[in-house]
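This report refers to the structure that appears directly beneath it.
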Amino acid sequence: MKKHPHKKHPHNNKRLTVFTLALLAGGLLVFGLFGCGKAAYAVDYRGQKDAYQNARDTYKAGEEIRLIYSAIATDTDYSFYLDGEKLNPEYDESKGFILRFTMPAHNVRLECQAVNSMEDDDESKDEMLLDLYTSTVAAADGGDCRELVLYACPNHKWKLIVYRQDAEDDTESSTTYTVPYLAVDRCFAVIDEEKMRSWNDLESAESEEGAITVCKFLDTNGEYVRVTSEAMPDGGAQSFARLREALLSYATEENKE
């Protein structure tokens, strides 16, 4: 008797197809729940990230954030602002200020303002850390004179003041920027790398034509060091340019007071 080859039953194929579709649908459901996470956004702590416990650089949109600010000094009033809006933190005597907010779907800026409640914010208490002055001989470019001054201020703040003088009408303007400590660290790293402290001890030096640059900075011994483009090493102009670029990188609209 002739044997018939084995044939798959059509109902089996249907059941297999239904099972496969169900499995794929389940997989897509799981992927939708766990595979597509929310986007993460950055927090700008204005140079004070280390002052907050549990602080991270980024958080996911909708994430509930809890930060503790424990770097608290006596006779000092603290205010906290998220994108310019004042926060109302809790206060725990054993921990400090407890800040809570929901991360929005964009980058945010968290700022702490500390004001000494016993003393006025006197400008004379600002300590000059660095002064970079440049004057061009020719005023054709309209730039002529510019001075960048970096200060350490009370309550662990730092600021940069940019002075400009127009040779055509002899007017002077100034703009003040609040900057993070990173600005100080970056500028003095350039001073170290370019060995500016030893410029005044050079046996032979060169000068820059068409401009004069003077840099005065606070040394580690508490005294000021003054170097100029009239007596600098080979490549000194590039050293001044590096320092100028580092300072101007913080003269942004976001940092303007």
Side-chain angles (χ1 to χ4, degrees), residues 46-48 121-257:
R46 310 294 288 168
Q48 292 186 297
D121 187 12
D122 189 350
E123 289 290 329
S124 65
K125 294 179 182 178
D126 296 341
E127 182 178 32
M128 191 193 81
L129 302 177
L130 173 64
D131 187 333
L132 183 65
Y133 171 85
T134 302
S135 176
T136 57
V137 174
D141 59 359
D144 33 68
C145 297
R146 180 165 59 184
E147 188 172 10
L148 311 172
V149 189
L150 187 62
Y151 291 96
C153 309
N155 302 320
H156 304 290
K157 292 186 177 182
W158 299 269
K159 70 181 179 183
L160 170 67
I161 302 181
V162 178
Y163 298 93
R164 300 176 187 273
Q165 185 174 2
D166 191 335
E168 293 183 356
D169 55 12
D170 199 30
T171 58
E172 183 179 284
S173 62
S174 66
T175 308
T176 302
Y177 303 88
T178 300
V179 300
Y181 179 75
L182 182 61
V184 180
D185 196 36
R186 182 178 172 187
C187 289
F188 277 86
V190 173
I191 290 172
D192 290 338
E193 292 166 7
E194 301 297 336
K195 301 179 180 179
M196 289 187 177
R197 292 180 177 84
S198 63
W199 283 16
N200 293 325
D201 300 326
L202 295 173
E203 294 183 0
S204 61
E206 61 179 40
S207 61
E208 183 180 12
E209 296 183 1
I212 177 70
T213 301
V214 179
C215 179
K216 184 178 180 181
F217 57 88
L218 185 64
D219 205 354
T220 54
N221 59 6
E223 298 181 357
Y224 287 98
V225 176
R226 182 180 182 274
V227 295
T228 78
S229 59
E230 295 179 320
M232 60 183 182
D234 181 30
Q238 287 75 20
S239 301
F240 283 133
R242 283 190 64 198
L243 193 56
R244 188 179 302 111
E245 180 183 0
L247 286 164
L248 289 176
S249 68
Y250 295 96
T252 63
E253 193 68 27
E254 182 183 5
N255 292 335
K256 185 184 296 185
E257 289 190 354

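Distance SG/Cys187 to CG/Leu247: 3.5 Å, rounded to 0.5 Å. A distance of 9.5 Å separates OG1 in Thr175 from CG in Leu160, rounded to the nearest 0.5 Å. The line from OH of Tyr151 to CG of Leu218 is 13.0 Å long, rounded to the nearest 0.5 Å.
For the pair Trp158 and Ala152, the tightest heavy-atom approach, listed with the atom from each and the gap, is CD1-CA, 3.8 Å. Considering all non-hydrogen atoms of both residues, Lys195 and Ser198 come closest at O-OG, 2.9 Å. Heavy atoms only, all atoms of each residue included: Met128 and Tyr224 are closest at O-OH, 2.7 Å. Residues Pro154 and Asp126 come closest through the heavy atom pair CD-OD1, 3.3 Å.
Classification of Glu253 and Lys256 as a salt-bridged pair holds, one side-chain N sitting under 4.0 Å from a carboxylate O. Salt bridge absent: Arg164 and Glu147 never bring a charged side-chain N and a carboxylate O closer than 4.0 Å. Taking the charged nitrogens against the carboxylate oxygens, Glu194 and Arg242 do have a contact shorter than 4.0 Å, which makes a salt bridge.
Using a 4.5 Å cut-off on side-chain heavy atoms (C-beta onward), Asp234 and Glu206 make contact. Put simply, the side chain of Glu208 reaches to within 4.5 Å of the side chain of Thr213, judged on heavy atoms. Residues Asp131 and Phe217 fail the side-chain proximity criterion, which asks for heavy atoms closer than 4.5 Å. By the 4.5 Å heavy-atom criterion applied to side chains, Leu132 and Arg244 are counted as neighbours. Counting heavy atoms from C-beta outward, Leu129 and Val184 have side chains that approach closer than 4.5 Å. Residues Met196 and Phe240 form a side-chain contact, since some pair of their non-hydrogen atoms from C-beta on lies under 4.5 Å apart. Contact annotation: the side chain of Arg186 approaches that of Ser249 to within less than 4.5 Å [non-hydrogen atoms, C-beta and beyond]. Annotation: side chain of Val162 is not in contact with side chain of Ser174 (no heavy-atom distance under 4.5 Å).
Judged by distance alone, the side chain of Asn200 and the main-chain N or O of Arg226 form a donor-acceptor pair under 3.5 Å. Although no hydrogens or angles enter the test, the distance criterion places no donor-acceptor pair under 3.5 Å between the side chain of Tyr133 and the main chain of Lys216. Side-chain atoms of Asn255 do not come within 3.5 Å of backbone N or O of Tyr177 as any donor-acceptor pair. Within the 3.5 Å criterion, the main-chain N or O of Asn221 finds no donor-acceptor partner in the side chain of Asp219.
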Could you give me the CA-CA distance, side-chain angles and deciding distance for Leu182 and Tyr250, then say whether side-chain contact (heavy atoms from CB on, under 4.5 Å) is met? CA-CA 10 Å; Leu182 182 61; Tyr250 295 96; 3.5 Å; yes
Derivation of the side-chain contact (heavy atoms from CB on, under 4.5 Å) call for Val190 and Asp192: CA-CA 5 Å; Val190 173; Asp192 290 338; over 6 Å; no
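Only one option out of Val149, Ile191, Leu148 pairs with Leu130 in a side chain to side chain contact (heavy atoms under 4.5 Å, CB included); it is Ile191. Among Arg46, Glu257, Lys159, the one residue that satisfies the side-chain hydrogen bond (donor to acceptor under 3.5 Å, both in side chains) test with Thr178 is Glu257.
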